[in-house]
Amino acid sequence: MSLKLTRTLRMAVLALCLPLLAGLLSGCTGDSGKETIRFTFSKREAIGFMTKLVADYNASQDETEVVLDTSGVDVVSASFVRGNPPDIALANYNMETARFVQRGALSDLSGTQASTRIRKDLQPLMDQYGSYPDRTSALPYSIMASSVIYNKEIFAAHGIEVPKTWSELLAACDALKAAGVAPFYGTWKDDWTVAQGWFDYSVGGQVDTLDFFEKLAEAGTGVGPDSPASFQKDFEQPVGKMLKLAGTYVNKDAASRGYGDGNLAFAQGKAAMYLQGPWAFSEIAKTAPDLQLGTFPLPMTENPEDLRVRVNVDLAAWIPEGSKHKDAARDFLEFLYQPENIEAYNKSQLGFTPTVDADAALDPRIEGMVEYYEKGHVYQGPSVLVPRTIPIMNYTQALVLGADPAATFRTLDADWARLAFRQ
Amino acid sequence: MSTTTTTRRGQGRPQSRSKRRVEPVFYFFLLPSLVLFTLAITVPGLVGIFFSFTDSIGIGDWKFAGLTNYIAIFSDPAILQSYLFTFGFSLITVLVVNIIAFLLAVGLTSQIRMKTALRTIFVIPMVVSGIIIAYVFNFLFSNSLPSAGAGSGISWLETSLLANPDLAWVAIVVVTAWQAVPGALLIYIAGLVSIPGDVYEAAEIDGASKFQQLLKITAPLVAGYVVINIILGFKGFLNAYDIIVGLTNGGPGTSTRSIAMTVIAGFNGGDYAYQMANATIFFIVAVLISLLQLSLTRGRNTL
């Protein structure tokens, strides 16, 4: 009996250990001795392009096998927490990535060839999110400028010019509405569309966001009705204008429509203007490849000199400190920044290439923004400058759905002060 | 019922004392789940509680922050609201689920046609994943219902229920109940089937109507199952996550953010320590509820 038992035990232990052992072994190396690096890419619209570029790179040499990971940004931050970050990433540069930067989780890229070719005047865009001492933690890869997308055919059919001032905008909206055309297409079911379009364009068109957020950071725990800058003091009036547009000039079913619905409806000509970034062009083109579209900054004041476009570092490249394949990742980084690759990418996505030797992108659809971009009449949207732990997108969605602006901004001020208190 | 338990225990005790040595293989059977539980639940839990006293964002440098996170939580309206929402939602859903499941179970155990086929149909929602259900219903609420409303001229139907900050929770209750009813239904059917037929016969002879039988016989005899269903359901609904993500993603505004969603948001949004403090509080609340549940149900449902 006892002998039988020990034998059973031994068999069971063996059975338990075998899969463990197999797991350990398979973790070591892939086949044929290639070094595998995991490449996270956060841009859904360009997965096709990047898949091809990665395949080209894998075919061009036989030391590194790049695996494209498109599972998204949330997964990436969780992978940092688990201590298993990707080896290299091209991801949206925002407050969230900034946290990795500030806490030193990203490695220094100042020694790379690519870093020497980045335009120096773009550095403020990166620094606005903070930095880590003596490190170039991330390199911009694609700059996106966004503003109002408008349907040129509808504007021409009703004899409407591109508005340059707030009252011209209202006049254009009234004319469109009188003609039975929805002036704007709202997709409020997806809260981010409210935040990046409606909220950012209207606040960015009136408030100096760079200055505002600097003051806000200084005030810290003191943010409130008496601080030099606060959401309730500085945002209520601009948002009032946003609510005027959102309350009067949108499609009737805006509250139930999402981003996908919006792209389809706008492609079908169901509205004249659409507050989206250039990423929407490729989606609209799927339905209406020949639709004549243009862009212009949303005029929020009576002075045409105030016109500005929203920019963001849509993609930045970074290599985590925790990667075990940094050298291979840096090789791949240089490949990504080769002029033909980075320029082809930005051309395909209607972005601006941040390298010194690149030509300005001239697609007719984003032509309306080039002038402002080159003059430096740009701002980063307030919604991306608020730390992600504050549900700013939910708040902006609540605003267009009828929440009280004063109460919402008091909450936002309190959230900001609380965050400053604990971090 | 309680008397039988004590006698059984009384008999068992001397026996176990005489034969003290337990087969070691039983411990061995325990080992895998013990190891897995420790590694996957206890250790991460303790690590999380530890970090709730720091300012960590989950990565990189961090330092101790004492009770700062806990102080901040108690003044955070977003977190308070998530607790209110989650508890309110759980209470209402548990009521809706149990009433529907109980009535369905009564129907499906009585003498009706196509009983087996109907039971199968009613159980189907249980085997579909929550997130899929949520996306399908999301489409129904945002597109099908509004266009039905527009077609039939019912104006309040034209705006999606999900876009109404005051009523979006109703949609979440409906979808959650749709998925949770089958589980409760199965337990109720098991309970109803276990009631002996002769008590109904006796009631019939005494002249009790069907409705009186339901109230006076069926309901008391399945009371134990009601308690089980309510507790299991409530516990499950407190962890509400996937269906809400698929339906409203916490919106409109912040009106439908559940506790689990705020915790996960901290994980993704670089607020690890703070939300770990939130999770610790939630854990304590859950422990309190389980203690309450144990004291309420001790000896009542020895299934």
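Each chain gets a letter, A, B and so on, in the order its sequence line appears, and its residues count up from 1.
- For a residue to count as touching a neighbouring chain, one of its non-hydrogen atoms must lie under 4.5 Å from one of that chain's; by this rule A:Ala105 touches chain B with the side chain only.
- Interface summary for chain A: among B:Thr248, B:Asn138, B:Asn164, B:Leu161, the most heavy-atom pairs under 4.5 angstrom belong to B:Asn138.
- Closest non-hydrogen pair, A:Ile319 versus A:Lys326, comes out as CG2-CG, 4.0 Å.
- If you take OG1 on B:Thr54 and CH2 on B:Trp62, they are separated by 6.0 Å, rounding to the nearest 0.5 Å.
- Heavy-atom distances place the backbone of B:Ser56, and not its side chain, under 4.5 Å from chain A.
- Judged by distance alone, with hydrogens and angles left aside, the side-chain atoms of A:Arg422 form no donor-acceptor pair with the main-chain N or O of B:Ala72 at under 3.5 Å.
- Without hydrogens or angle criteria, A:Asp108 side chain to A:Arg135 main chain gives no donor-acceptor distance under 3.5 Å.
- Taking the centre of each ring, B:Tyr70 and B:Phe53 come in below the 6.0 Å mark.
- Contact detail for A:Met126 and A:Tyr93: the closest heavy-atom pair is O-CE2, 3.7 Å.
- Checked by atom type and distance alone, the side chain of A:Asp413 never pairs as donor or acceptor with a backbone atom of A:Trp416 at under 3.5 Å.
- Just one residue in the list B:Leu162, B:Thr86, B:Ile244 forms a side-chain contact (heavy atoms from CB on, under 4.5 Å) with B:Thr256, and that residue is B:Ile244.
- For an aromatic pair to be called close, the ring centres must be under 6.0 Å apart, and B:Phe64 with B:Phe51 fails this.
- Annotation: side chain of B:Ser82 is not in contact with side chain of B:Met261 (no heavy-atom distance under 4.5 Å).
- Of the possible polar contacts, none joining the A:Gln232 side chain to the A:Ala406 backbone as a donor-acceptor pair under 3.5 Å is found.
- Below 4.5 Å, heavy atoms of chain A meet heavy atoms from B:Tyr274, all part of residues 273-286 of chain B.
- Considering only heavy-atom pairs separated by less than 4.5 Å from chain A, the leading option among B:Thr262, B:Asn143, B:Asn249 is B:Asn143.
- A donor-acceptor pair under 3.5 Å is formed between the side chain of A:Gln102 and the backbone N or O of A:Tyr129.
- Using a 4.5 Å cut-off between non-hydrogen atoms, the part of residues 247-258 of chain A that approaches chain B consists of A:Lys252, A:Ala255, A:Ser256, A:Arg257.
- The part of A:Asp415 that comes within reach of chain B is its side chain, from C-beta onward, which places non-hydrogen atoms under 4.5 angstrom from that chain.
- Heavy-atom pairs under 4.5 Å with chain A peak, among B:Pro146, B:Ser75, B:Ala265, at B:Ser75.
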